[in-house]
Amino acid sequence: MAWPVQNNAPTPNPDLPDDVRLDFDEAGRILRLSPRGAAALLRLAMQKLCKELGGKGKNIDEDIAAFVKGGLDVRIQRSLDIVRVIGNEAVHPGQIDLRDDVATAENLFAVVNIIADAMISQPKHIDEMYAGLPDNKRAAIERRDGA
């Protein structure tokens, strides 16, 4: 059934940047009609997210390598590579994997949200909690750590 379009895709992480969320939402709208198209949009979303996280945003593989050199958790690195490899199959001519299906695209949605949670949401929440500590306690911690 092509109309009305059903969007059963996962909800995007609320901390995703707006332009990344737009691609995530569009991928959700076309998921049932074109899982490969959804995978391609999710790869684009990941490329934009890499740029937001400090990468160059031109080559996901190079951005991942830079994040790893900066101490990125290996599980997040693997999550980034899942999106890179699966999404890559959907956007390069001659390499489209006809087995890309709704389940594969749904996994990509989940991985994008996992990455956003680990690299944006969790640090944001920790910073908010830390900022809520009494000033004298934060000052003592910073003296201890030489900051």
Side-chain angles (χ1 to χ4, degrees), residues 1-92 96-97 99-142 145 147:
M1 179 180 207
W3 189 261
V5 175
Q6 294 182 358
N7 184 351
N8 299 18
T11 305
N13 179 303
D15 292 321
L16 279 175
D18 290 340
D19 64 330
V20 176
R21 189 175 316 117
L22 287 172
D23 292 333
F24 190 103
D25 289 339
E26 183 177 346
R29 288 191 302 276
I30 69 165
L31 174 61
R32 303 284 179 232
L33 300 172
S34 177
R36 290 182 293 153
L41 282 166
L42 290 165
R43 183 180 188 276
L44 176 61
M46 182 52 55
Q47 194 163 354
K48 290 178 179 180
L49 184 57
C50 283
K51 188 171 184 178
E52 290 284 333
L53 295 171
K56 294 180 181 176
K58 297 200 184 294
N59 182 304
I60 293 175
D61 196 40
E62 290 175 9
D63 286 345
I64 294 169
F67 295 152
V68 168
K69 286 179 186 172
L72 182 69
D73 182 303
V74 69
R75 292 169 296 192
I76 303 307
Q77 170 259 310
R78 288 177 180 167
S79 297
L80 286 161
D81 279 321
I82 289 167
V83 176
R84 180 185 63 81
V85 170
I86 293 174
N88 213 22
E89 297 297 316
V91 296
H92 286 96
I96 291 177
D97 187 348
R99 294 169 299 176
D100 275 351
D101 56 8
V102 171
T104 301
E106 285 174 337
N107 285 334
L108 293 178
F109 283 105
V111 170
V112 170
N113 275 335
I114 288 168
I115 294 164
D117 184 60
M119 297 184 76
I120 299 172
S121 299
Q122 290 178 21
K124 175 182 156 185
H125 294 309
I126 291 168
D127 289 346
E128 289 169 354
M129 289 187 291
Y130 186 78
L133 293 174
D135 290 341
N136 63 335
K137 299 298 181 183
R138 281 197 327 269
I141 292 167
E142 290 168 10
D145 294 344

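Atoms considered below: every heavy atom in the structure, side chains included; atoms not considered: hydrogens, waters and symmetry mates.
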Please find the pair of heavy atoms, one from A105 and one from A38, that lie closest to each other, and give the distance. CB-CB, 4.3 Å

Hey, could you give me the NE2/CG distance between H125 and D15, rounded to the nearest 0.5 Å? 5.5 Å

Side-chain donor-acceptor pair present, T104, N107, cut-off under 3.5 Å: no

Main-chain N/O of T11 paired with N113 side-chain donor or acceptor, under 3.5 Å: yes

Minimum heavy-atom separation for A9 and F109, please, with both atom names. CB-CZ, 3.9 Å

When rounded to the nearest 0.5 angstrom, what is the spacing between CD in Q77 and CG in D81? 5.0 Å

So do V112 and N13 actually touch side chain to side chain, heavy atoms under 4.5 Å? no

I'd like to know whether CZ of R138 has more than 12 heavy-atom contacts from other residues, nucleotides or ligands below 6.0 angstrom. yes

About how many Å separate CG of L108 and CG of L41, when rounded to the nearest 0.5 Å? 11.0 Å

Kindly determine whether D19 and E52 satisfy side chain to side chain contact (heavy atoms under 4.5 Å, CB included), including the steps that lead there. CA-CA 10 Å; D19 64 330; E52 290 284 333; 4.1 Å; yes

Let me see the working for L53 and D63 under side chain to side chain contact (heavy atoms under 4.5 Å, CB included), right down to the final yes or no. CA-CA 9 Å; L53 295 171; D63 286 345; over 6 Å; no

Measure across D23 and K48 and return the closest heavy-atom pair with its distance rounded to 0.1 Å. OD2-NZ, 2.8 Å

Shortest non-hydrogen pair, C50 vs F67, comes out as O-CZ, 3.5 Å

Contact check, side chains of V20 and P12, non-hydrogen atoms, under 4.5 Å: no

Run the side chain to side chain contact (heavy atoms under 4.5 Å, CB included) check on I60 and L80 step by step: do they pass? CA-CA 8 Å; I60 293 175; L80 286 161; 5.5 Å; no

Rounded to the nearest 0.5 angstrom, the CD-CG distance for E106 and D101 is 8.5 Å

Which atom names give the shortest non-hydrogen contact between G37 and I30, and what distance separates them? C-CD1, 3.6 Å

Report the C-alpha distance between M46 and V111 in whole Å, list the side-chain angles of each, state the deciding distance to 0.1 Å, and finish with yes or no for side chain to side chain contact (heavy atoms under 4.5 Å, CB included). CA-CA 10 Å; M46 182 52 55; V111 170; 5.7 Å; no

How long is the straight-line distance from OG of S121 back to CG of L16, given to the nearest 0.5 Å? 7.5 Å

